[in-house]
Amino acid sequence: MDTSTQLLRDALVSITDPHVRAVRATAFAALAAGVLYKMRRLRLMEYGIIEVAFGLASTAWTSTTIDNTKSRIDVLVILAGCVYLLVRGLDNFFRGKAEREAAQFAAITQQKQATTS
């Protein structure tokens, strides 16, 4: 087990008091959400790649944990969530790519105008 996984386990899983665990998990989730939101605002294309990777990993994990204790509707709902992650990731990737290309085109156009003036 690597160090970061061990730290996360020590910080959340090994806590016996459920209230303390809930507070720490919520704080961790809020911090992670803030970092990811900032990344999404600044680097949309890369954020989309991470989102697609997480959607694929979630789909793979879900497919390996399906057993007879889950109803069909449970499995469908979970897989629908995975598909949603993939769609959002692809949308963010291509929107970020288009924004980057538009910014590059605008910079080139501005540079050409400056040299011809």
Is there a chain of hydrophobic side chains (I, L, V, M, F, W, Y, each step under 4.5 Å between heavy atoms) that links [X] to [Y]?
X   : Y   : value
L86 : F94 : yes
I49 : L44 : no
I78 : V75 : no
I50 : M45 : no
F93 : L56 : yes

Heavy-atom pair with the smallest gap, counting every atom of [X] and [Y]:
X   : Y   : result
I66 : T62 : CG1-O, 3.1 Å
T59 : C82 : OG1-CB, 3.1 Å
L85 : E51 : O-CG, 3.9 Å
V52 : G89 : CG2-C, 3.6 Å
M39 : Y47 : CE-N, 3.9 Å

Checklist line | Straight-line distance of T26 OG1 to R24 CZ, nearest 0.5 Å | finding: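 Those atoms lie 12.5 Å apart.
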Margin query: Once rounded to the nearest 0.5 Å, what's the spacing between atom CZ of R88 and atom CZ of R95?
Written below: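 Answer for the CZ-CZ pair, R88 versus R95, is 6.0 Å.
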Check: Is a side-chain donor or acceptor of D91 paired with a backbone partner of V87 at a separation under 3.5 angstrom?
Finding: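 Judged by distance alone, no pair lies under 3.5 Å.
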